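Below, all heavy atoms of this structure are taken into account, side chains as well, without hydrogens, waters or symmetry copies. Computed from a prediction, not measured in an experiment: that's the story for all the values here.
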Protein chains: 2
Amino acid sequence: MNNKIPDLTHIRELGFRVTPQRRFILNALAKQDGHTTATDIYQIAQKEMPTLNQATIYRVLDFFCGLNLVTRSDIGGRVVYEFAPDTPHHHLICRHCEQVTVLDDAHFEDLAAHLLAEHGFKADFNHLAIYGVCAHCWDKSM
Amino acid sequence: MNNKIPDLTHIRELGFRVTPQRRFILNALAKQDGHTTATDIYQIAQKEMPTLNQATIYRVLDFFCGLNLVTRSDIGGRVVYEFAPDTPHHHLICRHCEQVTVLDDAHFEDLAAHLLAEHGFKADFNHLAIYGVCAHCWDKSM
DNA sequence: TATGCTATTGCAAAAATTTGCAACAAATCT
DNA sequence: AGATTTGTTGCAAATTTTTGCAATAGCATA
Ligand SMILES: [Mn+2]
Ligand SMILES: [Mn+2]
Ligand SMILES: [Zn+2]
Ligand SMILES: [Zn+2]
């Protein structure tokens with residue numbers, strides 16, 4: 001469970017506006033503790049904020065992704081959103097059993113340093129979905 | 001330009017079937033030399049294979065992705081497909097100027113080795129989209 | 001608190017993607 | 001070549017996601 005109440009006020013300084021819709025969606029994401037689809041949000045909204053339009057949900061989710069407040073990724077064929085935690089994480093996804101495990105961001109520090117040094121690219125590895133074969137499935141296939 | 005004619009016969013040994021639709025779609029992908037959307041394929045098909053159904057295109061693209069014959073990724077908000085080359089590559093995408101550059105797979109060898117050793121996970125980093133800020137935009141923002 | 005600017009929303013229509021099912025056809029075996 | 005099996009396709013309907021535009025509402029300023 002994630003109780004952190006997201007700080008929306010700072011987006012005002014960026015020239016954007018704090019709206020009830022944005023507050024609702026970000027809070028909804030923060031309350032969920034895993035990956036959430038746009039449809040999930042819409043269904044929650046049906047009860048708690050029935051006037052909230054679907055198009056707005058997609059636009060706001062996209063808006064938050066642009067600010068790195070939310071991550072968006074394609075996991076197991078579904079597009080999922082997640083409130084971006086202080087400590088970034090990623091996922092290992094097995095192509096066989098579809099199992100999804102968490103991978104700490106620390107594993108990407110070396111690569112990030114290299115990309116910055118060699119390519120001048122300041123990468124933020126935000127919520128990557130890495131596909132492959134897990135240990136269990138690999139054993140079975142041998 | 002990619003002239004390689006994909007070998008579809010081996011999928012027969014996997015229990016799948018070689019159909020004109022699959023041949024057409026894989027060839028169409030191989031002929032394009034960049035990222036291609038499902039709609040691109042559909043429009044090509046309108047001329048060369050008008051009976052090819054949209055649903056089939058999505059199913060076949062998904063089928064090829066499952067076999068790692070094709071990569072699928074979300075780049076700049078668009079879902080793009082690409083005939084999987086012998087030498088895997090990835091992309092660095094700037095959040096500011098949206099510029100997309102190519103990153104060789106060699107950069108992921110160390111990480112892959114680590115994941116295999118530490119997590120028993122045999123990762124195939126196929127066509128990752130890495131977001132961040134390019135050198136040019138980073139300079140401007142300082 | 002009232003005013004003005006314009007970012008954002010709701011709405012409806014368009015576009016993209018998925019799904020169930022019956023008809024079809026690729027592969028295998030007589 | 002004909003029969004059989006069952007993986008695939010086309011079709012149409014259901015979902016999901018995007019887009020243009022007029023109306024709305026943040027919020028800065030006075
Ligand atoms: Mn996650
Ligand atoms: Mn590519
Ligand atoms: Zn597995
Ligand atoms: Zn840039």
At under 4.0 Å between heavy atoms, which parts of nucleotides 23-30 of chain C does protein reach? Answer with one letter per nucleotide, 5' to 3': B base, S sugar-phosphate only, - none. --BBS---

Using whole Å, report how far [atom1] of [X] lies from [atom2] of [N].
X	N	atom1	atom2	answer
B/Ile57	C/dT19	CD1	C1'	17 Å
A/Leu52	C/dT8	CG	P	15 Å
B/Asp62	C/dA16	CG	P	18 Å
A/Gln21	C/dC11	CD	C1'	14 Å
A/Arg78	C/dT17	CZ	P	18 Å
B/Ile41	C/dT17	CD1	C1'	15 Å
A/Phe24	C/dT8	CZ	C1'	17 Å
B/Phe63	C/dT18	CZ	P	16 Å

Do A/Asp104 and A/His89 meet the criterion of a side-chain donor-acceptor pair at a distance under 3.5 Å?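 Looking only at side-chain atoms, A/His89 and A/Asp104 do not form any donor-acceptor pair under 3.5 Å.
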
Looking only at the side chains, is there a donor atom on one of A/Tyr58 and A/Gln54 sitting less than 3.5 Å from an acceptor on the other?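 Looking only at side-chain atoms, A/Gln54 and A/Tyr58 do not form any donor-acceptor pair under 3.5 Å.
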
Separation of [Y] [atom2] from [X] [atom1] (nearest 0.5 Å):
X	Y	atom1	atom2	result
B/Phe64	B/Leu29	CZ	CG	8.0 Å
B/Leu26	B/Gln21	CG	CD	13.5 Å
B/Leu103	A/Leu115	CG	CG	6.0 Å
B/Arg23	B/Leu8	CZ	CG	7.0 Å
A/Asn126	B/Arg95	CG	CZ	6.0 Å
A/Ile25	A/Thr56	CD1	OG1	7.0 Å

Pairs under 3.5 angstrom, nitrogen or oxygen only, protein versus nucleotides 15-21 of chain D, please.
unit_1, atom_1, unit_2, atom_2, d
D/dT17, OP2, A/Tyr58, OH, 2.2
D/dT17, O5', A/Tyr58, OH, 3.2
D/dG20, O6, A/Arg59, NH1, 3.2

OP1 or OP2 of C/dT9 versus the side-chain N and O atoms of A/Thr56: is any pair under 4.0 Å? no

So what does B/Thr37 hit on the nucleic acid, given a heavy-atom distance under 4.0 Å: a base, only sugar-phosphate, or nothing? nothing

B/Arg72/A/Asp74 ion pair, N-O < 4.0 Å: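 Yes.
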
Can you confirm whether or not the ring centre of A/His96 sits under 6.0 Å from the ring centre of A/His136? no

Taking the six-membered ring for Trp, are B/Phe108 and B/His90 closer than 6.0 Å centroid to centroid?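 Centroid separation for B/Phe108 and B/His90: below 6.0 Å.
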
Using rotation axes that map the C1' atoms of four end pairs onto the next four (five pairs an end), what angle separates the end axes of the helix from C/dT1-D/dA30 to C/dT30-D/dA1, to 10°?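 Inter-axis angle at the termini of the helix from C/dT1-D/dA30 to C/dT30-D/dA1: 40°.
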
